[in-house]
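Inspection log for the structure reproduced underneath, given as C-alpha cells.
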Amino acid sequence: METADEIISRIEGKVSKKEAELIKKAYDFAFKAHAGQKRMSGEPYFVHVVETVKILTELGMDASTIAAGFLHDVLEDTDVKEEEIKKQFGDEILFLVKGVTKLGTLKYRGQERHVESLRKFFIAMAQDLRVVIMKFADRLHNLRTLEHVRADKRQRIALESIEVYAPLANRLGMGKLKGEIEDAAFPYAYPKEYKIVEEILKEKKEPYKKYLSEVSDRLRKELAKNNIRYVDINYRIKHKYSLYKKLQRYEQDIDKIYDVVALRVVVENLEDCYRVLGIIHATWNPLPGRIKDYIAVPKPNSYRSIHTTIFTGSGGIAEIQIRTKEMHAEAEYGIAAHSSYKEQGLRITKEKESKFKWIEELKEYNTQPEQPDKFIRHLKTDFFNDRIFVFTPKGDVIDMPESSTPIDFAYSVHSDIGNHAVSAKVNGKMCSLFGTLKNGDIVEIAVKKDAHPSTKWFAAVKTTAAKKHIKSYLEKNSLLAKFKSFKS
Ligand code: MN
C-alpha cells in the first residue's frame with residue numbers, strides 16, 4: 001500500500017505545502033477510520049481507498065478531491081460523523097464526501113434503478129463534477145476487484161456500470177475512463193460474449209502488430225522527410241467491450257472492422273494535423289468514405305481528431321488518428337483535462353460553456369428555474385427515448401414515462417400533492433391537469449384541501465404510482481363502489 005507521500009508524488013504539477021498537508025491529514029484520518037475493516041478479498045479496506053485515490057491522481061484531480069477521495073467511504077462505512085469532517089477538513093471537503101456518499105446509496109429497484117441512478121448523477125453533476133468523478137474512480141476500483149463479490153451482485157454492478165457509468169463518462173468526454181469501466185465490467189456483465197471477443201482478438205494480435213509497425217516505421221520516415229515534428233506515434237487496441245458492440249453490427253466479422261487497432265499520431269498544432277493527413281494520403285491509398293474530420297466537426301461529447309483508413313500495401317487495412325496534444329488529453333480525460341475546471345472546483349466556467357454547455361445549462365437551470373431549458377430536453381432524450389424529465393419549480397428533476405400528465409407529476413412529487421391537486425401551470429402557463437407533459441417542462445401544481453381524486457383521474461393517468469394512489473384514495477373514501485362500476 002502506498003504512503004501519503006507516494007500518493008502526493010503521483011500528482012502532476014505543483015502541490016503546495018498546504019495541499020500536501022491536507023492530503024496527508026486525510027490519508028491518516030481515513031487510515032484510522034477504516035482500521036480493522038476488511039474487503040471481501042480479505043485485504044484491508046484502506047487498500048480500496050488508496051486505489052480509488054490513485055485513479056483520481058491519474059485523472060489529474062485537485063488536492064481537495066484527492067483528500068475527499070481518501071474520505072469517500074468514511075461516512076457510510078465508519079463511525080465518523082459529518083461534523084467531524086467539517087471540523088477537520090472544512091465545508092468544501094465535507095460537501096464532496098457527502099455528495100459521493102449520497103450517490104452511493106442507490107437501492108436496487110429493478111428497472112427504476114437505472115433511471116434513478118441517472119437522475120442522481122445529473123443532479124450531482126450540476127452541483128459539482130468532482131463528486132461524479134470521485135464516484136467513477138470508486139466504481140472503477142470496485143469493478144477491478146469484482147471477482148470477490150457474490151455472483152448475482154457482481155452482474156448487477158457490472159451491468160449498471162455499463163448502462164449508467166460508462167455512458168456518463170462518455171458524455172463527459174472521458175474516453176479512457178469509459179473504456180476502462182466497460183472493459184472491467186464486460187466479463188461479468190456478458191461472460192460468454194467476453195470469451196468470444198477474447199478469442200477473436202487473440203488470433204489477430206500478431207498480424208495486427210506486424211502491419212502496425214510497418215506503417216509506423218514508414219510514417220516516421222515520411223514525417224522526417226517533410227520536417228514535421230511529432231510529439232508521439234503510438235497505437236491503441238480497441239477496448240474489448242466497444243469491439244463487442246461493433247462486432248454485433250458487422251456479423252461478428254472482425255475483418256470488416258477497420259479500427260480494431262489504430263495508429264495515433266500526436267502533433268504540435270492544428271496545421272500539422274492536416275499536413276500529416278496529406279502526407280499519409282500521398283504515401284498510402286486511403287479507403288474512400290473513411291476520412292472523418294472530427295476537428296472541423298467534433299463529436300457531441302467534444303471529441304476531436306482526424307481519422308483516416310489506409311490500405312497498408314501488404315494486404316492490411318489500418319486506421320490512423322491524427323490529433324494535437326490538447327486534443328489527445330481531452331479525448332482521454334474529457335472534462336477533467338481542463339485546468340480551469342480544477343481551479344474552479346470543476347464547476348463549469350463561462351469560457352468552457354460551448355464545450356460542455358449541457359452541464360452548464362443543467363447547473364444554471366437549478367439556480368434559475370424560471371428559464372425553460374432546451375438543453376435538458378436534448379440531453380435526456382439521448383439517454384431515454386421513452387422517458388421524459390420534467391422539473392419542479394425548484395429545479396428538482398422528476399423522470400416519468402412519456403405522455404404523463406400533470407397529475408402523474410403531482411403524485412410523483414408527493415401523494416398529498418396528487419390527492420389535492422386542483423390546477424397545473426406548465427412553463428408558467430395554466431394547463432389542464434390531464435394535459436400531456438413534454439421533456440423539459442417545468443410543472444407547478446396548485447393544491448386545495450377539499451380537492452380530491454375522482455374515477456376520471458384513474459383513467460387519465462399514465463404511471464402505476466398515480467393509479468395506485470388514486471385507487472387507494474377512492475377505496476379509503478368509500479368511493480369504492482363507484483370505482484368498481486367504472487372499471488367494469
Ligand atoms: Mn468506495
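As the structure lists them, so they are numbered: ligands from 1, and atoms in each ligand from 1.
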Start with the C-alpha distance between Ile157 and Arg139, add both sets of side-chain angles, then the distance that settles side chain to side chain contact (heavy atoms under 4.5 Å, CB included), and finish with yes or no. CA-CA 9 Å; Ile157 294 170; Arg139 174 56 61 103; 3.7 Å; yes

Should the pair [X]-[Y] be classified as a salt bridge under the 4.0 Å nitrogen-to-oxygen rule?
X      : Y      : value
Glu198 : Lys195 : no
Lys86  : Glu83  : no
Glu43  : Lys38  : no

Considering only N, O or S atoms, which atom of Asp138 is nearest to the Mn ion (ligand 1)?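 Nearest to the Mn ion (ligand 1) within Asp138's N, O and S set: OD1.
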
Restricting to N, O or S atoms of Asp73, which is nearest to the Mn ion (ligand 1)?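 Closest N, O or S atom of Asp73 to the Mn ion (ligand 1): OD2.
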
Please confirm if an N, O or S atom belonging to His72, backbone or side chain, lies less than 2.8 Å from the Mn ion (ligand 1).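 Yes.
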
